[in-house]
Amino acid sequence: MITARYLHRLGLVGLLDAPPSAQGLRALHRAHVERVPYEVLDIWLGRATTVEPRASARRVVAGRGGYCFHLNGAFHLLARALGYDVTRHVGGVQGHDGEPGVTANHLVLTARGLPDDGNPGGEWLVDLGLGDGPHEPIPLVAGTHRQGPFVYGLRPSSVAPGGWRLDHDPGGSFRGMDFGPAATGMSAFTAMHEHLTTSPESGFVRVATVQRRDASGVDVLRGLVLTRVGHERRSVTLDTARDYHAALADVFGLTLDDVPADARDGLFRRVHAAHEAWLATAPATAPAVAPV
């Protein structure tokens with residue numbers, strides 16, 4: 001049963017027969033972002049992926065991660081199997097230099113019917129697919145919320161009537177995210193998934209990125225630069241294939257057991273070449289680390 005195996009990956013097999021609750025949702029969210037990394041390595045391995053939720057759930061159970069279409073798509077399937085009332089929405093992530101919009105470059109989840117003392121209305125923003133996004137669900141009411149080193153703001157969206165806007169901390173990797181109120185199916189993301197995984201303009205195609213959130217911050221691997229973002233920021237460049245794959249395994253839990261040895265070697269060569277190309281074009285005054 002994939003639900004039981006999924007919960008085993010999260011270390012939460014005890015929730016298999018538990019009734020839905022706000023406490024259970026928080027436990028699922030925390031475990032997911034801590035144990036299932038945000039990663040786009042299949043693009044760099046030349047492997048096509050799909051947004052089909054069952055395929056994404058199988059990826060998670062097999063020890064891999066993914067980006068928002070995979071992570072939130074799989075979590076929606078898991079949460080529904082456990083009895084949670086969870087809805088998918090079309091969203092749009094805005095970079096620091098971009099304009100807000102619901103562009104379908106992001107899949108967002110909300111949950112309802114889970115009141116607690118801090119959120120009597122019982123509606124929650126649930127998002128496992130933002131990298132350095134929330135560690136726990138956020139009450140779906142206007143306000144600010146500190147989680148570890150980041151402060152997130154939630155307010156009505158100015159570009160999606162009836163929807164919401166998540167403002168990221170100024171130290172985060174993106175500026176914000178908007179989403180509309182309507183429920184959606186996964187077909188809404190098929191075209192954007194194709195663009196994000198194949199277009200030379202896609203950040204996923206240009207930079208091999210892996211992220212893992214925890215209670216005190218986030219680990220970020222962009223190219224060969226491993227950065228820990230917490231109450232302070234520190235970075236190191238992984239110069240060898242041994243160091244690179246050790247970081248994938250030790251920091252992000254990505255042993256890549258599903259990848260043959262020659263393909264793992266090829267992954268490092270491609271990431272190393274992209275890193276060298278970035279260094280060659282970076283301004284002389286730029287810091288010797290890739291931006292987070």
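All values derive from a computational prediction rather than experimental measurement. Here, residue 1 is the first one in the sequence, and each next residue gets the next number.
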Between Phe189 and His195, is the ring centroid distance below 6.0 Å? no

Ignoring hydrogens and geometry, is there a side-chain-to-backbone donor-acceptor pair from Asn72 to Leu109 under 3.5 Å? no

Is there a donor-acceptor contact under 3.5 Å from the side chain of Thr281 to the main chain of Ala277? yes

Under 6.0 Å between the ring centres of His135 and His145? no

Verify, without hydrogens or angle tests, whether Trp124 (side chain) and Asn119 (backbone) share a donor-acceptor contact under 3.5 angstrom. no

So does Arg270 have more than 12 non-hydrogen atoms from other groups sitting under 6.0 Å from CZ? yes

For Arg146, does the CZ atom have more than 12 heavy-atom neighbours from other residues, nucleotides or ligands under 6.0 Å away? yes

Could you check whether the rings of Phe204 and Tyr38 sit parallel, tilted or perpendicular, using 30° and 60° as the cut-offs? perpendicular

Do we see a donor-acceptor contact under 3.5 Å between the side chains of His193 and Tyr67? yes

Please work out whether the ring planes of Tyr152 and Phe150 are parallel, tilted or perpendicular, with thresholds of 30° and 60°. tilted

Would you say the side chains of Asp239 and His272 form a donor-acceptor pair under 3.5 Å? no

Does one side chain, of Thr255 or Asp257, offer a donor that lies under 3.5 Å from an acceptor on the other? yes

Please determine if Asp262 and Arg269 form a salt bridge, counting it only when a charged side-chain N lies under 4.0 Å from a carboxylate O. no

Same cluster or not: Ile43 versus Val259, using hydrophobic residues (I, L, V, M, F, W, Y) connected whenever any side-chain heavy atoms lie under 4.5 Å apart? yes

Hey, mind stepping through Arg64 and Glu39 against salt bridge (Lys or Arg N to Asp or Glu O under 4.0 Å) and telling me if it holds? CA-CA 8 Å; Arg64 293 294 301 276; Glu39 53 115 340; 2.9 Å; yes

Euclidean distance, Asp167 CG relative to Leu154 CG, rounded to 0.5 Å: 8.5 Å

Donor-acceptor side-chain pairing of Ser173 and Arg222 below 3.5 angstrom: no

Decide if atom CZ of Arg175 counts as having more than 12 heavy atoms of other residues, nucleotides or ligands within a radius under 6.0 Å. no

Residue pair His89 / Thr110, side-chain donor-acceptor N/O under 3.5 Å: yes

Any sub-3.5 Å donor-acceptor pair from His29's side-chain atoms to Val126's backbone N or O? no

The reported gap from CG in Asp219 to CD in Gln211 (rounded to nearest 0.5 angstrom) is 9.5 Å

